[in-house]
Each structure stands twice: as structure tokens, then as C-alpha cells.
Protein chains: 2
Amino acid sequence: MSGGPVSCPCHPSCEGPTADCDRTLTTPQRVFKGVRSAQEVVAALPLFDGILPDVLNRLLADSATITRRRSTLLFGAGDEADCFYIVLDGAVKLFALAQDGRESIVEIFGPGTSFAEAAMLSTGRFPLHAEVIEDATLIRVGRRAFLYTLHSDHALAYRMLAALVKWNRRLAGEISDLKELTPWQRVAEFLLAQTPATEGRVEVLLPFNKEVLASRVGIRRESLSRVLGRLRVLGVHTSGNAVQIDDVDLLRRACFEAGSGRN
Amino acid sequence: MSGGPVSCPCHPSCEGPTADCDRTLTTPQRVFKGVRSAQEVVAALPLFDGILPDVLNRLLADSATITRRRSTLLFGAGDEADCFYIVLDGAVKLFALAQDGRESIVEIFGPGTSFAEAAMLSTGRFPLHAEVIEDATLIRVGRRAFLYTLHSDHALAYRMLAALVKWNRRLAGEISDLKELTPWQRVAEFLLAQTPATEGRVEVLLPFNKEVLASRVGIRRESLSRVLGRLRVLGVHTSGNAVQIDDVDLLRRACFEAGSGRN
DNA sequence: CTCCCCCCTTAACCAAGATCAAGTCGCCGC
DNA sequence: GCGGCGACTTGATCTTGGTTAAGGGGGGAG
């Protein structure tokens, strides 16, 4: 029930009206892969699977490819949701902000995923903040185009329904994990989710830094360090963003068998 | 962002193929309120708001009102999802089961809510278990009728989309809470969510027993006792399922101000 | 090369849940 | 009334994550 890499629809996001944090394209080093590639990516989204070519074109006509550096705030909670985003490259985090300034990351989106479609359907406002955490190339799709697309292709609406359900389950699973798994189990699960391998030795690259990972699993940076230290006896070795798992199966079993011990 | 009483769509549920736990209507003392009332309830669901009368009738034609005693398993995770449920009376919990038999409650549904609509849209299987926790009267709506309804009323599909989004946000909010609130804050928030009052003295009735409440907020029964004990100094007094809050505003502010202290 | 900053790690202390184990209270059947 | 059961509470102890503070180490700027 835990978070495998699931293609995630839903969740609000749109560059806030205040486009104050642009620094327009200061890093052309990270070039988006051209319009054709963008089309491919979009058509490959679970949400738009089987979309009609002309509908797709219409959709893309009201969209723009943008690049943003890390630390750029895409939008804040409460901003008007007049578009949604597709990630071509980089990573974006969605997070909530506590009154004291602390943030908790609800989800992180990487290449080939989209987010914030859902915000446009109900309140029209983003419920969460979105920030680029790895220099990113994004497609921003306008609300009008999206709604038009939705209405001109009913099958799309149903796919979106299904996608939301899937995303929903992912969240429900995460809630279960938070409630009944210890922090180290959550970390282990996260690591296991980073590789398709089911046994043997594997090297995985953390898709973001440890601060973010810690927030992702709901603990503090320092605790993550401790956890990774404790996982060493299970054959988990880290250096920087590289994590080597000596025996995937061993780790998974340890994770399961611990089962009971909540805290 | 935390869990106010939200009308919740989504989530799988359907009396499993094995209807072994029926004890058909042994408690006629808890009579459902008649067909007319059932219609009213259904039409009042956010999901079916504004539904056309004949579509509604068609929907109800393939449904049945059932009563189940507490502890009845409605369905298990993995069962075929060939219906969804509307709660007229009582309460149902959706929960996940860990390998060691521990359960964690993902959501609890009371009168006027529906659940498990979503399961029929994707995998066709329930991802969670559902159990009656207070003797309940339910409407079970068949899959066929639901899908028919969905296709004959596109507006319904969009409403459902919106409902899913809303439900989604609720889950995301719960994740935030689990990550950044202490257990006692979650308990306090839960209590506050049980009343519309914003100040003064209030008496709230816990909608279920403490074991369930503990699971709901992700702690153990014993810890909940202690938390409630500690909350006494903030004017929270409990006796049985009745909880008296001396000063709602005080409690809310205490909850907020604690802000930082994550554990 | 050096300084500084950022990311990460370590250590010491503390508060708080989990756990294990009794113990209380109310209810029901007998 | 008695016994038993289920829901709840309390206490002692243990584990663990948060907190605070300090330090290491790599990379970029100057």
C-alpha cells in the first residue's frame, strides 16, 4: 500500500499571479527537448492517454514551456488556479506551510508527471504551495484549454476520474504508512520504491537532498541521518545522494518483519 | 487544512462476494427512515447534487437498503468492487491491515456520506477493508446502475471529479497533520472539528469509541487516555463518549500556538 | 589558497509515545 | 449477587525521535 512511484494527477499548482520569481531562462544549459518531445510527454501522461491529436493540439496551443531554477516558488496556497503543470525535467515539491513557517512536503513531482489539474475543478485556488527543488522545465497549461479539452473529450474525464482515484489511494496508503510504520521503515520503503529491483545489490540515486527526503517521510534531517546510520547493518550505505543497498530482499523482509513495532 | 467534517466521496467499498456476516435485520429497532427519506439522502449527497429525478430513480432501482450490526465486515481489501455504499445511519470504518494484524483506520463514514464509489472506476477491487463500527443502515448501489448514471449525466461526472478533488485535499491535509502536528494537537483538532462552535463552552459527543478515535489520530488507546488527561488543564473534560470543552477558542489557540513543537 | 556557505553528521539531553502489566468501572447473562 | 467481559485508565519502564549545539567536508567565490 505504500508509495511506489505512481504517476500522480491532481493537486493544485499554477504560477501565481505574482510572477516575481522568474529569472527568465538564465540557464539555457538545461534546454527543453523541443516541442515534439513535449507533445510526446503530454500524450504519454496517464491523464491524456489516447487523447485525440487535434484535441491535444488545442490543448498545447494554450500552453507554454517554461524553465525555472530551484527554489523558485511556482505558486502559493490560495493563489488563483488558472493553469496546471506538466514536468518535463527537474522536480517540484508541493508542500503545506505551518503557521510557524515549517513546511511539510505532501508530494514531489518529477519528469513525466503532472500536477495541479485538480485545483481548477473545484475551488479554483491552489490548496498548497509549489516550489521547484531541481532546476526544472515545465509545461504550463491554461485553465481554459484544459476545461475545453475536458468537455470535448468525455473519455478524458473518465480517465481523469480514474487517475484521481489512483492518486487518492496513494495518499490513503501514505496515511497508513505514517500511522503504522516507524520512521526507519518509511525510509526503507522509500528506498525500495526507488528501484524496480527485487533482490540483489542495487545502487539508487536519491532524487533530492536529504532535507527534502526527511520531510517526505515525516522526520527531521538529523533523524534521517540516524536512521540511515542504523540501516547500515542491513546493508544500506550512503555517500552523498548515492545509496547502495547490498540486498534488496533482505531490506524488504526486515521492513516487513519489523511489522509490529510501531515506534 | 485539517479534517473538518467533510463530505467524502471516494474509497472502495462493497459488500464482498462472501455475504457471510449478515445476520439479516436482527435489530428492527433501528429502522431506516423509509424510501422517501433514502431518496432525500441520496439527492443531498454532494456527489448527486442536482441529479435528474429519473436518473435518480434508475439509480435506486438497482440498489438495496441493508442494515448491518457493528463488527460486520462489509468487504475486504481485494474484493471485487461491484457496488458502493451510502450511509443512512450508523458508522463504517475503512481501514488497512498490516501484515501483523494491526489495523489503521483511514477514514470513518457517518450518516449522509457515501464511500467506495471510486473503487469501481479503476481497478474494480477495493483497496481497503470496510467494517461497520456502529449498527448501520446503508444503501448499496450496484456498479452497473452507477456507471449508467455516470454516463447518462455528464454533469454528474464533473461533480464527481470535484468531489474527488475535495476528498483528495482532505487526505493531503491529513498527511500534513500527521507529519507536523503532535498527537495531542491532532486530538484537539479532532475535537474542534466535531463542533461548529468557535468559542465558549461546548459539549461534543464522540462519534465512536476511544479505541477507534486513537487509531484515527494515529496513536494507541493508552496514549489517547493520557492525552485527554493532559488536555484537562485546557478545559477539556471527558466522561464516556461525552466531551466538554470549556473554551473552544482557548483550545484552538493552544493548538495553534504550540505550532512549532513537533513532538 | 582560503574563506565561507551549505549540506550533512554526531552527540547529549529531553520529552513523549509505545509497551507491558495491573487495575477500575459498567454492563450483561446467569 | 456473581462472574466475566469489554472499554477505559493508570503506572512503570523503555525506546525513539525532537531539540540544540557543535563539527566535518566539499564546492564556489574571491
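Chain letters run A, B, ... following the sequence lines, proteins first, then strands; residues in each count from 1.
- Between C/dC7, C/dG17, D/dG17, one nucleotide has an atom nearer to the side chain of A/N209 than all others, and that is C/dC7.
- The side chain of B/S223 approaches C/dA18 more closely than any other nucleotide in the set C/dT10, C/dA18, D/dT10.
- We find that CZ of B/R220 is positioned 16 Å from P of D/dA7, with the value rounded to whole Å.
- The listed nucleotides are C/dC8, C/dA18, C/dG17; the one nearest the side chain of B/R230 is C/dG17.
- For the pair A/R221 CZ and D/dG17 C1', the computed distance is 14 Å after rounding to whole Å.
- Taking the side-chain contact (heavy atoms from CB on, under 4.5 Å) definition, one finds that A/R252 meets it with A/L192, A/T198, A/V248, A/D249, A/F256, sequence neighbours left out.
- Between the P atom of C/dT19 and the CD1 atom of B/I219 lies a distance of 12 Å, rounded to the nearest Å.
- The main-chain N or O of B/D135 is never found under 3.5 Å from a side-chain atom of B/R69 such that the two would form a donor-acceptor pair.
- Look at B/R201 and B/D246 and you find a salt bridge, because one of the NZ, NE, NH1 or NH2 atoms lies within 4.0 Å of a carboxylate O, short of that distance.
- In the set C/dA18, C/dT9, D/dT9, C/dA18 carries the atom at the smallest distance from any side-chain atom of B/R226.
- Ionic pairing of B/K93 and B/E134 is not present here: no N-O contact between side-chain nitrogen and carboxylate oxygen is shorter than 4.0 angstrom.
- Here C/dC27 presents its P atom at 13 Å from CG of B/N241, a figure rounded to the nearest Å.
- Using a 4.5 Å heavy-atom cutoff, the side chains of B/L228 and B/K210 are in contact.
- What separates CD1 of B/I133 from C1' of D/dA7 is a distance of 15 Å, to the nearest Å.
- At whole-Å resolution of the value, CG in A/L228 and C1' in C/dT9 are 11 Å apart.
- Here the P atom of nucleotide C/dG17 and the CG atom of B/L231 are 11 Å apart, to the nearest Å.
- If you find the closest nucleotide of DNA chain C to A/T238 and to B/L224, the one lying nearer the 5' end belongs to A/T238.
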Starting from the C-alpha separation in whole Å, work towards a yes-or-no answer on salt bridge (Lys or Arg N to Asp or Glu O under 4.0 Å) for B/R70 and B/E131.
CA-CA 8 Å; B/R70 75 181 302 194; B/E131 183 184 314; over 6 Å; no
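- Using bins of under 30°, 30° to 60° and over 60° for the plane-to-plane angle, the ring pair A/F190/A/F208 lands in the tilted bin.
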Take nucleotides 20-28 of chain D nucleotide by nucleotide from the 5' end and write B, S or -, depending on whether a protein heavy atom sits under 4.0 Å from the base, only from the sugar-phosphate, or from neither.
B--------
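- Per the geometry, CG belonging to A/L213 stands 15 Å off P belonging to C/dC7, to the nearest Å.
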